[in-house]
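I have placed the structure first, in the form of structure tokens, so that the comments after it can refer back to it.
Each chain gets a letter, A, B and so on, in the order the sequences are listed, and its residues count up from 1.
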Amino acid sequence: MPAAAIGPPDLGDRAECAPGIRLLASPAAGRSDGTSRLPLGPMSATPSATTDAREEYDPEALQEKWLGVWDELAPFRSGRPDDDRPRKYVLDMFPYPSGDLHMGHAEAYALGDVLARYWVQRGFNVLHPIGWDAFGLPAENAAIKRGEDPRAWTYENIATQKASMRRYGCSFDWDRVLNTCDPDYYRWNQWFFLRMFERGLAYRKASSVNWCPSCQTVLANEQVVGGLCERCDSVVTKKKLTQWYLRITDYADRLLDDMALLEGQWPDKVLQMQRNWIGRSTGAEVQFAIEGRDEPVTVYTTRPDTLFGATFFVVAADSDLAAELAAGTPAQAEFEAYLAATKRETDIDRLASDRPKTGVFLHRHAVNPVNGAPLPVYASDYVLADYGTGAIMAVPAQDQRDWDFATTFGLPIVRTVTPPEDFDGEAYVGDGPAMNSGFLDGLHKAEAIEAIIGWLEERGSGRAAVNYRLRDWLISRQRFWGTPIPIIHCPVDGEVPVPDEQLPVELPDAEGLDLTPKGASPLGALDAWSVVDCPRCGGPARRDPDTMDTFVDSSWYFLRYLDPKRTDGPFDPAEANAWLPVDQYVGGVTHAILHLLYARFFTKVIHDLGMLDAVEPFTRLLNQGMVVMDGSAMSKSRGNLVRLSDELAVHGVDAIRLTMVFAGPPEDDIDWADVSPAGSKKFLARAWRLAGDVTSAPGTDPAGGDLALRRVTHRSIHDAARALEDYRFNVAVAKAMELVNAARKAIDSGVGPADPAVREAAEAVAIILSLVAPYTAEEMWARLGHEPSVALAGWPAVDEALLVQESVTCVVQIAGKVRERLEVAPDITEAALRALALATPAAQAALGGREPRAVIVRAPKLVNVVPA
RNA sequence: GCGGGUGUGGCGGAACUGGCAGACGCGCAGGACUUAGGUUCCUGUGUCCACGCGACGUGCGGGUUCGAGUCCCGCCACCCGCACCA
């Protein structure tokens with residue numbers, strides 16, 4: 001299916017409107033308070049006098065009625081040239097098109113939609129786009145299974161999801177849709193790759209990589225979860241391969257330091273996870289001479305102050321250095337057997353806790369630079385080849401791992417940090433005065449570190465150093481359904497970039513290609529695609545057969561939304577500077593490390609290319625929780641799967657959206673067994689009836705209306721707004737419920753349906769509900785005699801005077817216990833309130849004529865009388 | 001092991017910088033309307049008892065304070081992330 005077939009629904013020219021639909025002016029432009037009122041056109045319908053008891057709230061009918069109207073109105077198109085509203089960019093993580101939307105999508109998109117719609121109501125020009133993260137293995141696996149091109153499966157699912165999103169009432173700007181598997185999109189992945197290649201940020205190297213034997217492809221460290229492939233849960237093994245990397249480690253410091261900009265705006269948990277993942281540590285590099293070797297070996301340590309306590313030396317068993325040191329020694333055979341055994345071990349084995357230390361003595365010795373002591377050299381798998389230098393000085397007294405190794409192999413242990421007197425552990429890693437350490441003796445950790453680094457630097461045998469847990473990002477994948485790497489391998493010129501004007505390097509048709517995983521990219525087997533002339537020398541050459549990790553696609557997609565059809569660049573820098581950074585990003589915490597770190601990295605690279613002012617892509621981040629069932633994640637095999645389409649059919653779109661939003665704090669998981677979509681529907685019907693009961697005419701001035709109800713209305717609007725801006729969506733909904741209850745009471749047993757305050761309340765309910773339950777709100781708005789769309793009605797202005805209570809209840813405490821209540825004016829003075837409180841019978845009885853020990857007055861809400 | 005988080009009625013959850021614990025909803029109970037109720041509307045609903053102007057109550061134990069769900073110290077339980085990163 002061609003890409004055009006899945007483009008945005010043709011919504012027609014905005015000027016051609018359905019009969020009866022009147023277009024509205026941009027609501028809030030030019031209003032300084034960010035609020036607005038719709039100009040009230042002539043009534044399109046006479047409001048019903050009272051709700052007909054036989055009338056029923058029918059969500060299905062409302063959905064049918066309003067979808068077409070919204071298609072015509074397109075209330076959420078953004079970025080038009082004549083739009084002078086202030087801008088806001090609200091971004092939802094784009095979905096992978098793996099089938100229809102599920103409950104998780106429903107939650108995430110409901111929350112994002114509430115935020116986007118809220119800012120529209122507040123008078124902002126909100127960019128709220130959507131697209132599809134459309135490359136990836138599931139499409140390829142489905143293609144293999146069905147013997148089809150992955151394109152067909154992918155575009156079918158995109159069409160399904162898109163229709164579902166429209167029906168779900170998402171306020172997306174459908175003019176900006178993008179799919180990462182379109183050549184128009186991935187062309188720019190290739191373009192960015194080439195910019196990085198030019199700057200040395202994309203490079204190829206041979207190293208031991210994570211290999212998924214089932215997916216038959218390499219994996220980034222980030223895609224290995226607990227030793228298993230993130231996608232298929234196969235046990236990941238190691239393989240030595242030459243692969244493409246992006247030099248994210250060059251940005252480690254900036255990725256860490258710029259988190260200061262995100263503090264308080266992103267969840268602390270996510271920032272902490274990123275910090276841990278980058279894992280910056282400071283310490284020193286120390287050179288150790290090796291007997292019988294010309295070059296010294298450098299080790300990295302965070303504790304150079306413990307150098308006098310080094311009693312042996314360990315190199316990573318799978319490092320080149322280990323093999324070199326073992327060669328020709330009596331230990332060679334033993335070492336080789338050990339190495340072979342190590343390689344058979346998977347990450348799973350390595351994860352076992354309390355795993356005994358193993359290793360091989362290499363019959364070589366290193367020399368401790370501080371005292372000339374010979375240190376036996378061991379090879380062991382407890383030292384990692386790819387962290388630091390792959391070799392360590394072992395200080396068993398101050399490192400538990402070294403302690404374990406030392407006790408296993410009978411090696412000496414020398415304390416060089418004095419532990420506290422009550423210390424009864426093994427290795428002591430805390431602070432304390434140095435001992436057995438020559439000129440360091442008596443110094444505490446920080447001073448000792450400084451002293452020893454100075455000493456090493458003077459002698460040229462060491463220096464201060466920083467290390468990171470973060471590794472460079474391995475992006476090569478031996479699979480078909482991804483962005484081809486735009487490099488041509490020429491026997492003469494080596495790695496030759498594809499010239500920009502030849503981009504995109506398009507994926508060939510999968511027709512006739514065997515996509516079955518076999519350890520090499522299927523593209524390489526296709527000579528018609530692979531064999532090309534070298535752009536430099538014109539000689540025969542081959543394209544790089546691999547495709548990029550799909551995380552490349554999602555690392556910059558938020559920039560492409562600005563103009564997804566642009567052909568002269570990935571985006572327009574001027575436009576990007578007008579919209580970026582994204583004001584609000586909404587998505588799952590599952591991407592707390594991978595996607596967010598890569599997107600931050602790309603943003604910094606793009607900044608360095610001079611194309612973007614921003615250094616961070618996402619200002620605020622909201623991580624929604626999961627939707628679970630009966631306490632555990634939904635899955636077919638567990639038999640607790642709840643189908644979104646079923647829920648929508650039974651309760652309606654609005655009730656499901658409301659249930660998601662009202663369930664609790666957005667970052668908490670929702671157990672579908674604990675919430676009540678039927679209750680949500682009941683509330684929506686109650687709100688909807690309210691609109692039918694109003695008998696005053698649209699435009700009626702609320703000023704003469706019932707003061708008590710007006711106070712509730714304005715208080716509700718005010719509180720709801722504050723709750724929404726703090727992500728307390730459930731509280732905002734509760735405020736709307738309170739307002740509905742108050743209005744109901746006013747109609748049935750109070751001032752009656754004709755009071756202007758009743759209309760004001762009903763309109764406020766409609767506007768607040770327009771964020772959560774767009775169909776119901778739109779219908780309410782129409783029943784109240786207004787033109788669509790309520791989505792653009794503008795957030796109601798709050799009258800501050802109505803927030804002030806006529807009287808407030810003051811509690812009188814005796815020794816901290818509430819004993820009396822007083823109705824007082826809100827502006828009562830402390831002195832007056834104190835006198836009132838002391839005069840109460842409770843206070844008089846408690847004091848019994850004596851002077852109180854203390855009287856705490858917090859006017860106008862509380863007085864605490866403390867008897868002597 | 002290291003790091004982070006959470007703990008409030010039968011349930012989901014409220015409670016801004018310490019100030020009436022339990023907003024709002026679900027469930028449950030009772031009532032009104034109704035031929036009917038999987039409708040609507042109203043009322044009640046933390047625990048205990050001696051039923052009061054009562055006592056107790058936010059995982060457990062201490063502390064600070066006139067006053068603690070909120071702050072401090074020490075535990076317990078559960079959840080998440082990392083996992084031999086020297």
Side-chain angles (χ1 to χ4, degrees), chain A residues 51 53-54 56 225-227 267-273 275-277 279-281 283 299-303 306 314 347 350-355 357 380-384 386-395 398-402 404-405 429 467-471 589 592-593 658-659 662-665 667-671 673-680 682-683 685-686 689 719 722-723 726 728 730-738 740-741 744-745 748-749 809-821 841-842 845 852-856 858 861-867:
Chain A
T51 303
R54 285 161 305 183
E56 275 204 32
V225 179
D268 291 341
K269 179 184 172 183
V270 173
L271 293 175
Q272 198 56 42
M273 282 166 73
R275 266 187 214 105
N276 293 342
W277 192 263
R280 178 161 64 192
S281 82
V299 305
Y300 172 74
T301 175
T302 55
R303 293 298 301 277
T306 63
V314 189
D347 281 1
R350 297 176 63 111
L351 287 179
S353 54
D354 300 331
R355 195 161 158 268
K357 291 282 182 287
S380 173
D381 65 353
Y382 90 91
V383 171
L384 305 176
D386 60 349
Y387 182 78
T389 60
I392 63 155
M393 64 179 217
V395 187
Q398 273 86 226
D399 183 288
Q400 189 60 42
R401 298 156 299 184
D402 296 345
D404 294 341
F405 193 92
V429 299
N467 249 292
Y468 303 90
R469 222 189 66 107
L470 182 70
R471 313 294 203 273
V589 72
I593 297 173
L658 177 65
T659 303
F662 185 56
E667 50 283 326
D668 288 4
D669 287 351
I670 298 173
D671 193 328
D674 289 339
V675 295
S676 173
S680 298
K682 188 171 128 186
F683 163 69
R686 193 167 149 89
R689 276 192 299 274
D719 288 356
R722 231 182 62 175
D726 292 344
R728 286 150 53 232
N730 54 331
V731 178
V733 171
K735 297 299 167 187
M737 289 172 168
E738 286 178 25
V740 168
N741 291 343
R744 180 83 263 150
K745 200 161 260 178
D748 290 348
S749 53
T809 305
C810 174
V811 298
V812 179
Q813 299 179 338
I814 308 297
K817 304 223 177 256
V818 179
R819 284 294 129 93
E820 201 93 39
R821 281 159 222 276
R853 184 148 67 95
V855 181
I856 287 97
R858 293 283 178 275
K861 304 205 46 156
L862 177 138
V863 179
N864 188 9
V865 178
V866 187

If you define the side chain from C-beta out and look only at heavy atoms, does anything of Val675(A) sit under 4.5 Å from Ile670(A)?
yes
Any Arg821(A) side-chain N or O less than 4.0 Å from OP1/OP2 of C53(B)
no
Answer yes or no: does a side-chain N or O of Arg744(A) lie under 4.0 Å from OP1 or OP2 of C42(B)?
no
Of the options C11(B), C66(B), C24(B), whose atoms approach the side-chain atoms of Asp674(A) most closely?
C11(B)
Looking only at side-chain N and O atoms, does Tyr387(A) come under 4.0 Å of OP1 or OP2 in A86(B)?
yes
Rounded C1' spacing from G12(B) to G22(B) in Å:
13 Å
Check the phosphate of C20(B) against Asn864(A), side-chain N and O only, distance under 4.0 Å to OP1 or OP2. Yes or no?
no
What nucleotide, of G13(B), A83(B), G3(B), holds the atom closest to the side chain of Asn276(A)?
G3(B)
From the set A83(B), G19(B), C24(B), return the single nucleotide nearest to any side-chain atom of Trp277(A).
A83(B)
Taking syn as any angle within 90 degrees of 0 and anti as the rest, which one fits G9(B)?
syn
Counting side-chain heavy atoms from C-beta on, which of C24(B), C20(B), C84(B) comes nearest to Asp381(A)?
C84(B)
Do the side-chain N or O atoms of Asn730(A) get closer than 4.0 angstrom to the phosphate oxygens (OP1, OP2) of A14(B)?
yes
Please give the distance between the P atoms of C76(B) and C28(B) as a whole number of Å.
40 Å
For C11(B) versus U65(B), give the span between their C1' atoms, rounded off to a whole number of Å.
35 Å
Both distances under 3.5 Å, Watson-Crick or G-U wobble: report the partner of G30(B), or none.
C42(B)
Measuring to OP1 and OP2 of G81(B), would you say a side-chain N or O of Arg469(A) lies under 4.0 angstrom away?
no
Sub-3.5 Å donor-acceptor pair from the side chain of Asn864(A) to the main-chain atoms of Gly816(A), do we have one?
yes
Give the nucleotide from the list A14(B), G25(B), C20(B) with an atom nearest to the side chain of Pro665(A).
A14(B)
Does any nucleotide pair with C82(B) by Watson-Crick or G-U wobble geometry, both distances under 3.5 Å, and what is it?
G1(B)
Between A15(B) and C2(B), how far apart are the P atoms? Round to whole Å, please.
34 Å
Taking the side chain of Arg722(A) as its heavy atoms from C-beta onward, which of C16(B), C26(B), G25(B) lies nearest to it?
C16(B)
Out of C41(B), C26(B), G25(B), whichever nucleotide has its closest atom nearest the side chain of Asp748(A):
C41(B)
Asp671(A) (side chain) donor-acceptor with Ala673(A) (main chain) under 3.5 angstrom
yes
N/O (side chain, Lys817(A)) to phosphate O (OP1/OP2, C56(B)) under 4.0 Å
yes
Can you tell which of G25(B), A15(B), U40(B) lies closest to the side chain of Lys682(A)?
U40(B)
So does Lys861(A) get a side-chain nitrogen or oxygen closer than 4.0 Å to the phosphate oxygens (OP1/OP2) of C16(B)?
no
Parallel, tilted or perpendicular: rings of Tyr382(A) and Phe405(A) (30°, 60°):
tilted
Strictly below 4.0 Å: does Ser281(A) bring a side-chain N or O up to OP1 or OP2 of A86(B)?
yes
By nearest atom, which of the nucleotides C80(B), G19(B), G3(B) is closest to the Gln272(A) side chain?
G3(B)
C20(B) phosphate, OP1 or OP2: any side-chain N/O from Arg819(A) under 4.0 angstrom?
no
Would you mind reading off the distance between Tyr468(A) atom OH and A86(B) atom P, rounded to a whole angstrom?
13 Å
Within the structure, does a side-chain N or O atom of Arg858(A) lie under 4.0 Å from either OP1 or OP2 of C66(B)?
no
Under 3.5 Å on both distances, the Watson-Crick or G-U partner of G74(B)
C60(B)
Quick one about Ser680(A) and Thr659(A) (side-chain donor to acceptor, distance below 3.5 Å, no hydrogens or angles considered), yes or no?
yes
Closest approach to the side chain of Ile856(A), judged atom by atom: which nucleotide of C20(B), C66(B), C26(B) is it?
C66(B)
Can you tell me how far CZ of Phe683(A) sits from CG of Asn741(A), rounded to the nearest 0.5 angstrom?
8.0 Å
